[in-house]
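Order of the sequence lines fixes the chain letters, A, B, ..., with proteins taken first and strands second; residue numbering starts at 1 for each chain. Keep in mind that the numbers below use all heavy atoms, side chains included, and drop hydrogens, waters and symmetry copies.
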Amino acid sequence: MKIKSQLSNIISDALKSANIESDDVVISDATKPEFGDYQYNGVMKLAKILKQNPRQIATNLVEHIDTTGMIAKVEVAGPGFINIWLNDEWLGKEATAILNNDRVGVGYVEIPQKVVVDYSGPNMAKQMHVGHLRSTIIGDTLATLLEFLGDDVIRQNHIGDWGTQFGMLIAYLEEQGADGATTELKDLEQFYKDAKVRFDESPEFADKAREYVVKIQSGDEHCLNLWQSFIDASLGHCEEVYDKLGVNLTRDDVRAESFYNPKLADVIKTLKEKNLSTISDGAECVFLNDSEVPVIVQKGDGGYLYATTDLAALEYRAKELKADRICYVVDARQGQHFKQVFTIAKQSGMVGENVALEHIGFGTMMDKGGKPFKTRDGGVIKLIDLLDEAVVKAKESIKERDAHSEDELENIATVVGIGAVKYADLSISRESNYIFSWDKMLSFEGNTSLYMQYAYARIQSILRKYDSEIKGDIIIGDETEHRLAHLLLKFEDTLSKAATDATPHTITSYLYDVVTQFMKFYELNPILKGGIEEEVKMSRLQLAKLTASVIKKGLDILGIEVVDKI
RNA sequence: GCACUCGUAGCUCAGCUGGAUAGAGCAUCGCCCUUCUAAGGCGAGGGUCUCAGGUUCGAAUCCUGACGGGUGUACCA
């Protein structure tokens, strides 16, 4: 339900029939309940242009607003605000209409786009660590969201599988023998360390490693096989993490750095042809806006750099995949890099003018002291360990609560623990750094996943207790029901905003509002207790059921599961 | 040096395409479980929105500058 655009139309019509010229009508959420549900603040601006008293214009306009349908009443307030109240009957009718709708009333975008979402991007030489968490889950949420709204989404996992360190790794892999390697690889971090030790202590090994780098690049079959088996094993680790996280990335989504390797020479060729690049200190460089520091696209020794690979990837995505919008869900620290690469891609024509290029940057995960998040001894925290710990901690706190069977407990702990980690991350506006705190995310109070999951479980419990058919319409009986129904119908407006701005936290704060409002409704309006009229009971049951559907769908888009019982 | 980014309650954060008395959660202090899951609800206290100018009928929001934190900045990704 696109409430705002419907209201916007009504106001536009009113402006027309009042003979007032105006361009686009912007409807805002009311800042306070006393001011209704929505407000139109455009009159003050119009007053300036028309050189008239804003209150007079507002009073005139209000008389032309159609209040026979969705709007119950409008009022002029203050210097010329127009406050809008939604009609209870309309709310009830609309809410009833989406009761059995599996999209809970959310429509599709008018013009579907082809969107490439680049996210996760782990390095194959290392185990995934906490630094990969944000890219992976923000990217996955964005992809799921856009897909749900009707865009054609192409997920791209730009894994790091190319570069000098792989010479060392496959030389070491070969030395360990295939069988030993499979076990060794269980801990990539350790494997890398061991290989590095070997590299540093043995000049012969180091030579071999360097030789293998060249051999991979030139397509030597033996080395490529070793490399491939290494990548496969490493990718297996990532998939284990994706599986735990419930992230929808598969091998089909992998477009590795190596994939673009054959295209890099052409990138340089294009840049030279367009006279964008010049040689400086022996390296092929692009100087942007008379900037002193160039973007280096080819090293003095002929090697390519990540800017080159990203340009190749941009061209591939724009021309081969025919993307309308390309989103890079990558650490905010790479902002400058993307700004440069985007500019070059457009200037060189590798990407068409009308393709939207977006760097969806995010901040760093910090510890309580505001320092980058590390283990006690200063090492990186493996993502898989973090997730396992979350489940263990969740289990401890659930155990105290209620009698659950071992299986139930395990399942709930997994859903709650993983959900807590994801929600904590997604609920912070992504650009800023965020402080990682077990206490906060697992305290299960306030704006956390458990608060949502708990509300969902409570609703399920009510629906279980009332085990006959629920039928009938939603009839708005009081203020809390009015607000709850209104919130539930705002779901689409919320998702649209989150999709445009690429801000998952828009969805989490919405869900938090929904649940808070439900809790208020539920405290005030008993559902199953005695002495309630059948019609009222049904309406409240339906409202509860619809709330549960919105919570479930909202969390689903965030990649968070729910359970029927906690 | 230059560029980007952030600065809102004791703490963690919303709000930023300009609107009315700046909002949540945690923490603190009260109240509500014979009553649909109290991991809940109700209430109280807590603010010079870093500072100084500017634009405007109106600024936490836009512009300029200062201060403070973070980040990036020529052959790693």
Side-chain angles (χ1 to χ4, degrees), chain A residues 24 26 28-32 34-35 39 41-42 44-45 47-48 54 77-81 83 121 123 125 158 160 162-165 257 280-285 291-307 309-310 330-337 339 361 363-364 366 368 370 372 397-398 400-402 416 424 427-429 431-435 437 439-440 442-448 450-451 453-455 457-466 501 505-506 508-509 512-513 515-516 519-520 522-530 532 540-541 544 565-566:
Chain A
D24 55 332
V26 180
S28 321
D29 291 309
T31 50
K32 282 174 197 298
E34 307 94 89
F35 300 152
Q39 50 182 275
N41 302 329
M44 273 84 80
K45 282 184 195 91
K48 182 128 211 181
F81 300 106
N83 295 336
N123 189 322
H158 191 83
W162 208 244
T164 46
Q165 74 266 54
E257 282 174 4
S280 172
D281 283 352
E284 194 73 31
C285 298
S291 155
E292 280 175 32
V293 283
V295 180
I296 301 177
V297 288
Q298 191 170 22
K299 296 194 279 186
D301 66 3
Y304 302 108
L305 292 137
Y306 75 130
T309 311
D310 276 334
V330 182
D331 195 305
R333 281 174 290 196
Q334 303 217 22
Q336 195 179 18
H337 164 73
K339 211 172 159 188
T364 313
M366 306 293 209
K368 266 185 196 154
S397 58
I398 297 163
E400 302 161 7
R401 184 172 162 78
D402 207 349
V416 167
S427 60
I428 301 289
S429 92
E431 281 106 346
S432 46
N433 292 346
Y434 95 93
I435 311 253
S437 153
D439 290 345
K440 194 182 165 195
L442 291 162
S443 75
F444 304 147
E445 280 172 350
N447 188 4
T448 62
L450 192 92
Y451 183 70
Q453 287 165 332
Y454 175 66
R458 279 173 92 163
I459 296 171
Q460 294 312 309
S461 167
I462 294 168
L463 299 179
R464 264 197 307 275
K465 288 205 164 96
Y466 186 86
D501 303 345
H505 84 281
T506 308
T508 59
S509 36
Y512 182 61
D513 287 345
V515 170
T516 306
M519 290 293 191
K520 285 177 185 172
Y522 165 98
E523 289 285 332
L524 232 69
N525 298 343
I527 300 174
L528 298 181
K529 291 178 187 172
I532 299 165
R540 290 178 183 170
L541 275 165
K565 207 174 136 192
I566 290 178

With hydrogens left out and only the distance checked, is there a donor-acceptor pair under 3.5 Å joining [X]'s side chain and the base of [N]?
{"X": "A/Ser509", "N": "B/A24", "result": "no"}
{"X": "A/Asn83", "N": "B/A20", "result": "yes"}
{"X": "A/Tyr454", "N": "B/A39", "result": "no"}

How do A/Lys465 and A/Pro294 order along RNA chain B: which one's closest nucleotide is nearer the 5' end?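 Its nearest nucleotide being more 5', the pick is A/Lys465.
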
Residue met sooner reading RNA chain B from 5', once A/Leu524 and A/Asp281 are mapped to nucleotides: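 Counting from the 5' end, the first nearest nucleotide belongs to A/Leu524.
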
Taking the [atom1] atom of each, how far is [N] from [M], in whole Å?
{"N": "B/A44", "M": "B/U17", "atom1": "C1'", "result": "37 Å"}
{"N": "B/G53", "M": "B/A14", "atom1": "C1'", "result": "28 Å"}
{"N": "B/G40", "M": "B/A27", "atom1": "P", "result": "10 Å"}
{"N": "B/C16", "M": "B/A60", "atom1": "P", "result": "14 Å"}
{"N": "B/U5", "M": "B/C11", "atom1": "C1'", "result": "23 Å"}
{"N": "B/A59", "M": "B/U64", "atom1": "C1'", "result": "15 Å"}
{"N": "B/G15", "M": "B/G25", "atom1": "C1'", "result": "15 Å"}
{"N": "B/G23", "M": "B/A66", "atom1": "C1'", "result": "29 Å"}

Selected nucleotide, minimal atom distance to [X] side chain, candidates [options]:
{"X": "A/Gln336", "options": "B/G72, B/C36, B/G40", "value": "B/G72"}
{"X": "A/Lys32", "options": "B/U71, B/A74, B/U21", "value": "B/U21"}
{"X": "A/Leu305", "options": "B/C13, B/G19, B/A77", "value": "B/A77"}
{"X": "A/Lys48", "options": "B/U56, B/U12, B/G40", "value": "B/U56"}
{"X": "A/Arg458", "options": "B/G19, B/G40, B/A39", "value": "B/G40"}
{"X": "A/Met519", "options": "B/G19, B/G40, B/A39", "value": "B/G40"}
{"X": "A/Lys520", "options": "B/C13, B/G41, B/C36", "value": "B/G41"}
{"X": "A/Asn41", "options": "B/A77, B/G19, B/A14", "value": "B/G19"}
{"X": "A/Thr31", "options": "B/A74, B/C76, B/A20", "value": "B/A20"}
{"X": "A/His505", "options": "B/U21, B/G15, B/A39", "value": "B/G15"}

Would you say [N] has OP1 or OP2 under 4.0 Å from some side-chain N or O of [X]?
{"X": "A/Ser461", "N": "B/C36", "result": "no"}
{"X": "A/Ser427", "N": "B/U12", "result": "no"}
{"X": "A/Tyr451", "N": "B/G41", "result": "yes"}
{"X": "A/His337", "N": "B/U73", "result": "no"}

Which one is paired to [N], where only Watson-Crick or G-U wobble pairs with both distances under 3.5 angstrom count?
{"N": "B/A14", "answer": "none"}
{"N": "B/C42", "answer": "B/G30"}
{"N": "B/G65", "answer": "B/C51"}
{"N": "B/G72", "answer": "B/C2"}
{"N": "B/A20", "answer": "none"}

Rounded to whole Å, please give me the gap between [atom1] in [X] and [atom2] in [N].
{"X": "A/Asp439", "N": "B/G25", "atom1": "CG", "atom2": "C1'", "answer": "14 Å"}
{"X": "A/His158", "N": "B/A77", "atom1": "NE2", "atom2": "C1'", "answer": "9 Å"}
{"X": "A/Lys45", "N": "B/G18", "atom1": "NZ", "atom2": "P", "answer": "6 Å"}
{"X": "A/Glu523", "N": "B/U35", "atom1": "CD", "atom2": "P", "answer": "13 Å"}
{"X": "A/Tyr512", "N": "B/A39", "atom1": "OH", "atom2": "C1'", "answer": "13 Å"}
{"X": "A/Glu431", "N": "B/U8", "atom1": "CD", "atom2": "P", "answer": "16 Å"}
{"X": "A/Tyr522", "N": "B/G40", "atom1": "OH", "atom2": "C1'", "answer": "8 Å"}
{"X": "A/Lys529", "N": "B/U35", "atom1": "NZ", "atom2": "P", "answer": "9 Å"}

So what does [X] touch, heavy atoms closer than 4.0 Å: a base, only the sugar-phosphate, or nothing?
{"X": "A/Glu284", "result": "nothing"}
{"X": "A/Gly300", "result": "base"}
{"X": "A/Ser28", "result": "nothing"}
{"X": "A/Ala77", "result": "base"}
{"X": "A/Ile435", "result": "sugar-phosphate"}

Report the distance from atom [atom1] of [X] to atom [atom2] of [Y], rounding to the nearest 0.5 Å.
{"X": "A/Arg333", "Y": "A/Thr364", "atom1": "CZ", "atom2": "OG1", "value": "3.5 Å"}
{"X": "A/Asp281", "Y": "A/Ile296", "atom1": "CG", "atom2": "CD1", "value": "8.5 Å"}
{"X": "A/Glu284", "Y": "A/Tyr304", "atom1": "CD", "atom2": "OH", "value": "10.0 Å"}
{"X": "A/His337", "Y": "A/Leu305", "atom1": "NE2", "atom2": "CG", "value": "10.0 Å"}
{"X": "A/Tyr306", "Y": "A/Gln334", "atom1": "OH", "atom2": "CD", "value": "5.5 Å"}
{"X": "A/Lys32", "Y": "A/Gln39", "atom1": "NZ", "atom2": "CD", "value": "11.0 Å"}

Specify the glycosidic conformation (syn or anti) of B/C29, with syn defined as within 90° of 0.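 Anti.
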
Under a 3.5 Å distance rule, please check whether A/Ser461 uses its side chain to pair with a backbone N or O of A/Ala457 as donor and acceptor.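 Not at all, since once roles are kept as given, no pair shorter than 3.5 Å links the two residues.
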
Does the aromatic ring of A/Phe81 sit over the six-membered base ring of B/A20, closer than 5.5 Å centre to centre and tilted less than 30°?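 Here the ring of A/Phe81 and the base of B/A20 are stacked, with centres under 5.5 Å and planes under 30°.
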
Considering all heavy atoms of both residues, which atom of A/Ser427 and which atom of A/Thr508 are nearest to each other, and what is their separation?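 Smallest interatomic distance, heavy atoms only, reads CA-OG1, 3.3 Å.
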
Can you list the steps and then say if A/Ile462 with A/Tyr522 is a side chain to side chain contact (heavy atoms under 4.5 Å, CB included)? CA-CA 11 Å; A/Ile462 294 168; A/Tyr522 165 98; 3.5 Å; yes

side-chain hydrogen bond (donor to acceptor under 3.5 Å, both in side chains) with A/Asn123: which residues, sequence neighbours excluded?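 side-chain hydrogen bond (donor to acceptor under 3.5 Å, both in side chains) check on A/Asn123 returns nothing, list empty.
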
